[in-house]
Amino acid sequence: MLDRRFVVEHADQVRKNIANRQMDVPFDRFLELEEERKVLQQQVEEQRAQMNELTKKSGLSVEERREQGQVLKKSLKDLEERLAPLASEAESIFMRIPNLTDDASPVGEEADSETIGYGAAEKQEFDFTAQDHIQLMENAGMLNLEAAAKVSGSGFYYLVGDGALLELAMMRFALDHVMKSGFTPVLTPDLARDKLMEGTGFVPRGNESNTYHLEDMDLNLIATSEITLIGMFADEILDASNFPLKVVGQSHCFRSERAHGSATRGIYRVHQFSKTEMVVVCLPEQAEEIHMEMRKLEQEIFDALGIPYRVLEIATGDLGAAAYRKFDLEAWMPGRQGGSWGEVTSTSNCTDFQARRLKIRYRDEDGKPKYAATLNGTAISICRAMIALVENHQQADGSIKIPEVLQPYMNGKTEIKPLKEKGQAA
RNA sequence: GGAACGGUGGCUGAGUGGUUGAAAGCGGCACCCUGCUAAGGUGUUAAUCGGGUUUGUUCCGGUUCGAGGGUUCGAAUCCCUCCCGUUCCGCCA
């Protein structure tokens, strides 16, 4: 959330920002309510002040106190009852107001996001018909979708043999890479309370929810370890001399994907996947530089894997509520008909928006608590990165070359060969 | 799941109805002492919202002792519900 005072004092800016983000927030209603609320609030506070004064005043008999107190109490209650609905409506609108936006973000919808760079690897020109990741991986005995459908339903998958090893290799490589930049590895809980889900921008329940909620319990399967990583710092006043706090988590991520009806083939959109996620808590003035560093790390990982990609500066209409600025990496996926770009990473600078909601603070030079800045970014997200990897590194015979940087994590193996007969591994 | 005991400021920890926003200690900060270090001395040190203001580290007021309700003229303190923690028991990888 934003600073309440700022919102009122910069109403035009906030209103314009909501429009740029193509969000539907009844902002002017909020301003109205807020004005009424303030008037009432002041009356309530005045009444309370009188009550407090009465309590402290000496030389009154118990009867006198009781008599005067009861009168004050009643009028206070009336005022409070008028205030409550105003305050709660104002609050619910207030919580929906999105973060401000960096001037660098193009104004517009998803399609208006700008390509601002490309990876080091060139798109391959195959002299054969490219296969998609399902064919490649099933033929190599790396993937079993049928068994997963039987066991868990659509949107799940088994990684088998070299598929399983490849995931572990990619995760470990990405982890080692970001650790060189000072990120501390963290394994987090896979479940989190509603409050944390909401605080990090996920909707735990209802139709708009994209996450799994455990029935009758205040627990949810995490949609990303960002939730639990950020949660470590919630409600804390941190020692800024340790900033920036850089952590990298590895976890399974669970998404119900109810909002998307489109049944994307294969493992592009799934209910469960593994992801290595970076999270940083820092001073507001450090955020931009760290955001660039995180983007660079993401690019380095995909460059090292030899996967062609483009870098997008995300348009206002496609920013999450918490993001002030966001970069996505989209990898080239040649197995799709004619090939196309698919999102593989995303890094957001949330400024102090997320921290304000979750009360992540530090002390400034004057010893006053201030809200920290938070950032997050994907180091590697397995299904999608794996699709890009196998499709870009496929050979005419259906074998898959393993990028050099992964070979040490694959027991020195340099390529994955297709099985002679389909389905043999399962 | 059952039982007992707890949840107070950056931390530890007093406080069972009326100047208690909260003793004390630690930590932090400032100053003093000190050849250096260590030790010592004095003072200071919660957050948040609103109003006022010569926009100002100055004043006034509200709220906050896990959360939410209730009792009361008055609640950290009494009652109810919920959440969380510790310990013991049960179950179990």
Problem set entry | Whole angstrom value for the distance that separates P of G62(B) from CG of Leu76(A) | 12 Å

For this session: Using the P atoms only, state how far A14(B) lies from G7(B), rounded to an integer number of Å.
Result: 9 Å

Problem set entry | A24(B): pairing nucleotide in any strand, Watson-Crick or G-U under 3.5 angstrom | U12(B)

Exercise. Within the structure, does a side-chain N or O atom of Asn52(A) lie under 4.0 Å from either OP1 or OP2 of U19(B)?
Worked result: no

Problem set entry | U53(B) and C60(B), which share atom name C1', separated by this distance in whole Å | 11 Å

Problem set entry | Under 3.5 Å on both distances, the Watson-Crick or G-U partner of A46(B) | U64(B)

Problem set entry | side-chain hydrogen bond (donor to acceptor under 3.5 Å, both in side chains) partner of Tyr212(A), the single match among Arg255(A), His271(A), Gln272(A) | His271(A)

Exercise. Could you give the CZ-to-P distance, from Phe94(A) to C49(B), as a whole number of Å?
Worked result: 10 Å

For this session: To the nearest 0.5 Å, tell me how far Asn349(A) CG sits from Ile290(A) CD1.
Result: 9.0 Å

Exercise. If you measure only the distance, is there a donor-acceptor pair under 3.5 Å linking the side chains of Glu313(A) and Ser113(A)?
Worked result: no

Exercise. Within this structure, what is the CD-to-P distance between Glu45(A) and G50(B), rounded to whole angstrom?
Worked result: 9 Å

Seminar exercise, completed: To the nearest angstrom, the CG-C1' distance between Leu40(A) and G51(B) comes to 16 Å

Problem set entry | Pairwise C1' distance, U58(B) and G41(B) [rounded to whole Å] | 31 Å

Problem set entry | Basic-acidic side-chain contact under 4.0 Å: Arg37(A), Glu34(A) | yes

Exercise. Quantified in whole Å, what is the P atom distance between nucleotide U81(B) and nucleotide G2(B)?
Worked result: 14 Å

Exercise. Using purine N1 to pyrimidine N3 plus N6-O4 or O6-N4 for Watson-Crick, or N1-O2 and O6-N3 for G-U wobble, both under 3.5 Å, which nucleotide pairs with C59(B)?
Worked result: G51(B)

For this session: Hey, could you give me the CG/CD distance between Asp3(A) and Glu9(A), rounded to the nearest 0.5 Å?
Result: 8.5 Å

For this session: Could you grab the distance from atom CD of Glu415(A) to atom CD of Gln394(A), nearest 0.5 Å is fine?
Result: 13.0 Å

Exercise. Leu238(A) CG to G27(B) P: how many Å, rounded?
Worked result: 21 Å

Exercise. Between Lys413(A) and Asp162(A), does at least one N-O distance fall below 4.0 Å, as a salt bridge requires?
Worked result: yes

Exercise. On RNA chain B, nearest-nucleotide positions of Lys38(A) versus Arg48(A): which is more 5'?
Worked result: Lys38(A)

Exercise. With a 4.0 Å cut-off on heavy atoms, is Gln42(A) in touch with a base, just the backbone sugar-phosphate, or nothing at all?
Worked result: sugar-phosphate

Problem set entry | Glu53(A) atom CD: more than 12 heavy-atom contacts under 6.0 Å | no

Problem set entry | Distance, P atom - from U45(B) to G10(B), rounded to whole angstrom | 15 Å

Exercise. Looking at the side chain of Ala49(A), which of G74(B), U63(B), G61(B) is the nearest nucleotide?
Worked result: G61(B)

Problem set entry | Integer angstrom distance from the P of U44(B) to that of A22(B) | 13 Å

Pairs: protein N or O with nucleotides 80-86 of chain B N or O, under 3.5 Å:
none

Problem set entry | Test item: side-chain donor near acceptor, Thr224(A) and Lys275(A), under 3.5 Å | yes

Polar atom pairs between nucleotides 45-48 of chain B and protein, under 3.5 Å, N or O only, would you list them?
unit_1: A47(B); atom_1: O3'; unit_2: Arg361(A); atom_2: NH1; d: 3.4

Exercise. Can you tell me how far P in C31(B) sits from the matching atom in U37(B), rounded to whole Å?
Worked result: 15 Å

Exercise. Taking CG from Asp364(A) and P from U57(B), how many angstroms apart are they, rounded to a whole number?
Worked result: 14 Å

Problem set entry | Counter-base of G1(B), judged by Watson-Crick or G-U geometry with both distances under 3.5 Å | C89(B)

Exercise. Could you give the distance from CG (Leu358(A)) to OG1 (Thr374(A)), rounded to the nearest 0.5 Å?
Worked result: 8.0 Å

Exercise. Parallel under 30°, tilted from 30 to 60°, perpendicular over 60°: which one fits the rings of Phe302(A) and Tyr309(A)?
Worked result: perpendicular

Seminar exercise, completed: Rounded to whole Å, the CD-P distance (Gln43(A) to G51(B)) equals 14 Å

For this session: Remember a base hit wins even if backbone is also touched, and classify Arg5(A) as base, sugar-phosphate or nothing at under 4.0 Å, heavy atoms.
Result: sugar-phosphate

For this session: For Asn242(A) and G10(B), give me the distance from atom CG to atom P, rounded to whole Å.
Result: 17 Å

Exercise. Roughly how far apart, to the nearest Å, are U19(B) and G27(B) at atom P?
Worked result: 31 Å

Exercise. Could Glu91(A) and Arg96(A) be called an ion pair, given the rule that one side-chain N must be under 4.0 Å from one carboxylate O?
Worked result: no

Seminar exercise, completed: Answer for the Watson-Crick or wobble partner of G40(B), both distances under 3.5 Å, is C32(B)

Exercise. For G6(B), which nucleotide in any strand shown is its Watson-Crick or wobble partner with both distances under 3.5 Å?
Worked result: C84(B)

For this session: On RNA chain B, check which nucleotide each of Glu46(A) and Glu236(A) is closest to and give me the residue with the more 5' one.
Result: Glu236(A)

